[in-house]
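Working notes, beginning with the structure itself.
Computed from heavy atoms alone, side chains included, the values below leave out hydrogens, waters and symmetry copies.
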Amino acid sequence: MSDLSLRLPDEVIEAIAERVAEILRERQDGNNRSPYLSGASAAAEYLGWPTERVYKHLVSLPHFRHGRRLMFRRDELDAWVEARREVA
């Protein structure tokens, strides 16, 4: 039986390592993450928006109130954004 060796450039090894780390983070986040976001600032961070933009879109942005607190479901925000996606 012969040994097989393969030499990969450092850039390829680094790219593989980064992707593995990303997959592990996604798996860990998915297991520990609540489907709910509490507050406009959390929704803004999730969407990558300024908080003021969340308040501006509250008329159509899916949310509910828990007492005085605004609550958002991640999956509903994803669907809302996807429904408004412009295809280039």
Side-chain angles (χ1 to χ4, degrees):
M1 184 178 258
S2 64
D3 290 334
L4 175 67
S5 66
L6 179 63
R7 178 139 171 77
L8 296 173
D10 291 341
E11 298 83 31
V12 173
I13 294 171
E14 186 65 30
I16 292 169
E18 284 293 325
R19 181 64 183 130
V20 168
E22 181 182 329
I23 290 169
L24 291 174
R25 279 191 303 272
E26 288 171 0
R27 287 182 183 171
Q28 183 177 13
D29 288 346
N31 292 337
N32 298 326
R33 188 168 65 175
S34 168
Y36 298 99
L37 298 164
S38 178
S41 61
E45 183 178 338
Y46 180 75
L47 293 168
W49 291 1
T51 305
E52 297 79 29
R53 189 171 180 194
V54 170
Y55 285 117
K56 178 182 171 186
H57 288 280
L58 271 184
V59 173
S60 63
L61 200 61
H63 69 284
F64 64 96
R65 290 194 180 269
H66 184 265
R68 297 181 67 183
R69 190 75 150 156
L70 288 172
M71 300 293 292
F72 302 84
R73 284 189 56 93
R74 294 172 196 271
D75 59 343
E76 290 177 350
L77 291 176
D78 292 339
W80 186 87
V81 169
E82 186 64 28
R84 284 151 185 81
R85 183 171 62 122
E86 295 179 14
V87 179

How long is the span from the CG atom in Leu47 to the CG atom in Leu37, to the nearest 0.5 Å? 8.0 Å
Nearest 0.5 Å, what's the CG-NE2 distance between Leu77 and His57? 12.0 Å
Count the heavy atoms of every other residue, nucleotide or ligand shown that sit under 6.0 Å from CG of Asp10, and state whether that count exceeds 12. no
Closest approach of Leu70 and Ala40, non-hydrogen atoms and distance? CD1-CB, 4.3 Å
Write down the atom of Ala43, the atom of Val54, and the distance for their closest heavy-atom approach. C-CG2, 4.3 Å
Treat each ILVMFWY residue as a node, draw an edge where side-chain heavy atoms are under 4.5 Å apart, and state whether Ile16 and Leu6 are in one component. yes
ILVMFWY cluster, Leu24 and Ile13 together (side-chain gap under 4.5 Å): yes
Other than Phe64, which residues form its hydrophobic cluster under the rule that side-chain heavy atoms must be closer than 4.5 Å? Tyr36, Met71
Student check: side-chain heavy atoms of Arg69 and Ser38 closer than 4.5 Å: yes
Does any part of the side chain of Glu18, heavy atoms only, come nearer than 4.5 Å to the side chain of Glu14, both counted from C-beta? yes
Among Glu82, Glu76, Arg84, which residue meets the side-chain contact (heavy atoms from CB on, under 4.5 Å) test with Trp80? Arg84
